[in-house]
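Excluded from the calculations below are hydrogen atoms, water molecules and symmetry mates; all remaining heavy atoms, backbone and side chain alike, are included.
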Amino acid sequence: MKNLNFKRKIVNVLSVLVLYMFLFFGCHNVQSSFESKVESDFNKQPLGEEKILRMADIKHMPSIVQKYLLYTGVIGKPQVQNIRIVFKELMHKNSKAQPLDSTSDQYNFFRYPSRHFFMKASMMGIPFRVLHSYSDEKATMLVRVASLFNVVDLAGENLSETETVTLLNDLCLFAPSALIQKNISWEKRDSLSAKVNFKNGKYNVSAILFFNQKGELVEFVSEDRSALQDDGSLRKVRWTTPVRDYREFHGVKVPTYGEAIWNYPEGDFTYGKFFLQKIEYNLKSFKKE
C-alpha cells in the first residue's frame with residue numbers, strides 16, 4: 001500500500017510538471033514571436049540621421065496642435081524614430097467582469113509604420129498572452145491561453161484598418177514629434193479640436209483630437225476602429241481614449257493614464273485602463289528585461 005501511495009504521488013508530481021511545461025512553453029512561444037518581430041524591425045529600420053524638430057516644421061498644423069507640441073516640449077529635440085512603452089493595465093472582458101491585472105511591452109517604428117504590442121496576464125493561475133503586430137500594412141492578433149489553445153487568432157483587412165488607428169493613437173499621444181510625416185494631414189475644427197488624417201498604404205483613417213486650454217491632448221476619438229466580439233467577428237464602433245496626468249519623460253510630457261472605450265449605441269464600455277510605467281525614444285536595439 002505504501003508503494004502504491006508513493007507511485008501516486010510521483011504521478012501527481014509528474015502531471016504537475018508536465019502541465020507547467022505546457023503552460024510555460026506555450027506562453028514563451030508567443031513572447032519569442034514578439035521579440036523576433038521587434039528585432040526584425042530594428043534590423044529593417046535602424047536609427048537614421050538625427051533631425052531636430054523646429055517651429056518651421058509644424059507651421060502647417062492647426063494652431064491648437066502647434067500649442068500641443070510646444071506644451072509637450074518636443075520642439076528643439078530630436079524627432080522620434082522609434083519608441084518603447086511599458087504599461088500596467090486593468091482590462092475588462094465585459095462591463096460586469098472583474099478587472100484583470102496585466103502588463104505590456106510595446107515597440108513602435110515610424111519610418112515604415114509598425115507596432116508590436118505584447119501583454120502578459122493570468123486568470124485563476126492560468127497564464128495567457130496577447131500579441132498585436134502591425135507591419136508592412138498588415139496586422140495580426142493572437143490571444144493564447146498557456147499552450148493549450150488560441151482563444152483568438154485574427155488577421156485581414158478589417159483588423160489591419162483597426163490597428164492603423166491604434167498606431168495613429170500612439171503617434172498622437174506618445175510620439176507627437178512624428179506627427180509631421182507626409183502621410184499625416186490636418187483639418188482645423190475649432191480653437192480646442194482638430195481632425196487628423198493618417199494614410200498608410202491603402203488604409204486611410206482619421207480621428208478628432210480634443211485639447212484643453214493648457215494645450216494638453218485630452219481625448220482621441222475615431223470612427224474607423226473595430227471591436228472584437230464574443231463570436232470572433234469585428235464590429236466597427238466609435239473608439240475613444242481619454243487621457244490625463246501628464247508627466248515628463250526624457251524632457252517630453254506625455255499622459256500617464258488613459259482609458260480605452262467602445263461607444264456602443266447600447267452604452268459605453270470601458271475595456272481598459274492604462275498606467276504608463278516607462279517610455280523610451282530612439283532605441284538602437286531590443287531591450288530584454
Notebook entry, point to check: Taking it one step at a time, do Met91 and Lys273 satisfy side-chain contact (heavy atoms from CB on, under 4.5 Å)?
Noted result: CA-CA 7 Å; Met91 306 300 294; Lys273 297 179 180 180; over 6 Å; no
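- The local environment of CD in Gln98 is sparse, with at most 12 non-hydrogen atoms from other residues, nucleotides or ligands closer than 6.0 Å.
- The shortest distance between side-chain heavy atoms of Ser135 and Phe109 does not fall below 4.5 Å.
- In this structure, Asp136 pairs ionically with Lys44, as a charged nitrogen and a carboxylate oxygen lie closer than 4.0 Å.
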Check: Going through the checks in order, is the side-chain contact (heavy atoms from CB on, under 4.5 Å) test met by Ser36 and Val38?
Finding: CA-CA 5 Å; Ser36 176; Val38 173; over 6 Å; no
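- A heavy-atom distance below 4.5 Å is found between the side chains of Phe87 and Leu276.
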Note to self: Using the rule given for side-chain contact (heavy atoms from CB on, under 4.5 Å), can you reason through Phe42 versus Asn82, listing the C-alpha separation, both sets of side-chain angles and the distance that settles it, and then say yes or no?
What the structure shows: CA-CA 9 Å; Phe42 271 114; Asn82 65 55; 3.9 Å; yes
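- Val221 and Phe198 are members of different hydrophobic clusters when ILVMFWY side chains are connected at heavy-atom separations under 4.5 Å.
- A donor-acceptor pair under 3.5 Å is absent between the side-chain atoms of Lys59 and the main chain of Met55, judged by distance alone.
- Annotation: side chain of Trp186 is in contact with side chain of Leu179 (closest heavy-atom distance under 4.5 Å).
- Summarising the local packing, NZ of Lys120 is surrounded by 12 or fewer heavy atoms from other residues, nucleotides or ligands at distances under 6.0 Å.
- The neighbour count for Glu157 CD, taken as heavy atoms of other residues, nucleotides or ligands under 6.0 Å away, does not exceed 12.
- Distance check: Ile83 CD1 to Asn282 CG gives 10.0 Å after rounding to the nearest 0.5 Å.
- There is a side-chain donor-acceptor pair under 3.5 Å between Glu187 and Asn197.
- Inspection of the Asp245 and Thr256 side chains reveals no N or O donor paired with an N or O acceptor under 3.5 Å.
- With values rounded to the nearest 0.5 angstrom, Glu219 atom CD is found 11.0 Å from Leu173 atom CG.
- Counting non-hydrogen atoms of neighbouring residues, nucleotides and ligands closer than 6.0 angstrom, the NZ atom of Lys67 exceeds 12 such neighbours.
- Arg129 contributes a side-chain N or O that, together with a main-chain N or O of Ala121, makes up a donor-acceptor pair within less than 3.5 Å.
- With His116 contributing its side chain and Asp105 its backbone, the two residues share no donor-acceptor pair below 3.5 Å.
- The main-chain N or O of Gly48 is found under 3.5 Å from a side-chain atom of Gln81 such that the two form a donor-acceptor pair.
- Arg111 places a side-chain N or O within donor-acceptor distance of the main-chain N or O of Pro46, the cut-off being under 3.5 Å.
- Within a 6.0 Å radius of CD in Glu49, no more than 12 heavy atoms belonging to other residues, nucleotides or ligands are found.
- A donor and an acceptor atom, one from each side chain of Asn158 and Ser226, are located under 3.5 Å apart.
- Between the side chain of Ser177 and the backbone N or O of Val80, at least one donor-acceptor pair lies under 3.5 Å.
- Using a 4.5 Å heavy-atom threshold, the side chains of Leu159 and Leu234 count as touching.
- Using a distance-only test at 3.5 Å, with no hydrogens or angles considered, a donor-acceptor pair links the side chain of Gln45 to the main chain of Tyr112.
- Between the CG atom of Leu167 and the OG1 atom of Thr162 there is a distance of 13.0 Å, given to the nearest 0.5 Å.
- Ion pair Arg225/Glu163 flagged as a salt bridge, since at least one NZ, NE, NH1 or NH2 atom sits closer than 4.0 Å to an Asp/Glu carboxylate oxygen.
- Side-chain contact check for Gln31 and Asn29: no donor-acceptor pair (N or O, by modelled atom type) lies under 3.5 Å.
- Note: Phe249 and Tyr281 fail the aromatic proximity criterion, with ring centroids not under 6.0 Å apart.
- Using a 4.5 Å cut-off on side-chain heavy atoms (C-beta onward), Leu90 and Leu100 make no contact.
- With hydrophobic clusters built from ILVMFWY side chains whose heavy atoms lie under 4.5 angstrom apart, Trp262 shares a cluster with Val143.
- The number of heavy atoms from other shown groups lying within 6.0 Å of CG (Asn94) is above 12.
- Leu168 and Phe210 end up in different hydrophobic clusters when Ile, Leu, Val, Met, Phe, Trp and Tyr side chains are linked at under 4.5 Å.
- Using a distance-only test at 3.5 Å, with no hydrogens or angles considered, a donor-acceptor pair links the side chain of Ser160 to the main chain of Gly156.
- The backbone N or O of Phe110 lies less than 3.5 Å from no partner atom in the side chain of Ser114, so there is not a single donor-acceptor pair.
- Comment: Glu137 does not engage Lys199 in a salt bridge, judged by the lack of any side-chain N to carboxylate O separation of less than 4.0 angstrom.
- Asp41 has its side chain out of reach of Phe286: every pair of non-hydrogen atoms, C-beta onward, lies at least 4.5 Å apart.
- In this structure, Tyr257 has its ring center under 6.0 Å from that of Phe275.
- Open room surrounds CD on Gln213; 12 or fewer heavy atoms of other groups in view lie less than 6.0 Å from it.
- Hydrophobic clustering places Val165 together with Leu228 (ILVMFWY residues linked when any side-chain heavy atoms are closer than 4.5 Å, directly or through intermediates).
- Between Phe117 and Tyr134, the distance from one ring center to the other does not fall under 6.0 angstrom.
- Checked by atom type and distance alone, the side chain of Gln66 pairs as donor or acceptor with a backbone atom of Met61 at under 3.5 Å.
- Within the 4.5 Å cutoff, the side chain of Asp57 has heavy atoms near those of the Gln79 side chain.
- Rounding to the nearest 0.5 angstrom, the gap separating the OG atom in Ser133 from the CE atom in Met141 is 11.5 Å.
- Between atom CZ of residue Phe269 and atom CG of residue Asn263 there is a gap of 12.0 Å, rounded to the nearest 0.5 Å.
- Of the N and O atoms on the side chains of Ser104 and Glu89, at least one donor lies less than 3.5 Å from an acceptor on the other residue.
- With contacts defined as side-chain heavy-atom distances shorter than 4.5 Å, the pair Val65/Leu69 qualifies.
- Between Asp101 and Lys88 there is no salt bridge, since no side-chain nitrogen of the basic residue lies less than 4.0 Å from a carboxylate oxygen of the acidic one.
- Linking Ile, Leu, Val, Met, Phe, Trp and Tyr whenever their side-chain heavy atoms come within less than 4.5 Å leaves Leu70 and Val218 in two separate clusters.
- Atom CG of residue Asp170 and atom CD1 of residue Ile85 lie 5.0 Å apart, to the nearest 0.5 angstrom.
- The aromatic ring centres of Phe118 and Tyr107 sit 6.0 Å or more apart.
- Residues Ser40 and Asn43 bring no donor and acceptor atom of their side chains to less than 3.5 Å of each other.
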Next item on the list: Take Ser193 and Leu209 through the test side-chain contact (heavy atoms from CB on, under 4.5 Å) and record every step on the way to the result.
Entry: CA-CA 5 Å; Ser193 68; Leu209 308 182; over 6 Å; no
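- Residue-environment remark: CZ (Arg238) stays at or below the threshold of 12 foreign heavy atoms within 6.0 Å.
- Salt-bridge annotation for Lys236 and Glu161: present, with a side-chain N of the basic residue lying under 4.0 Å from a carboxylate O of the acidic one.
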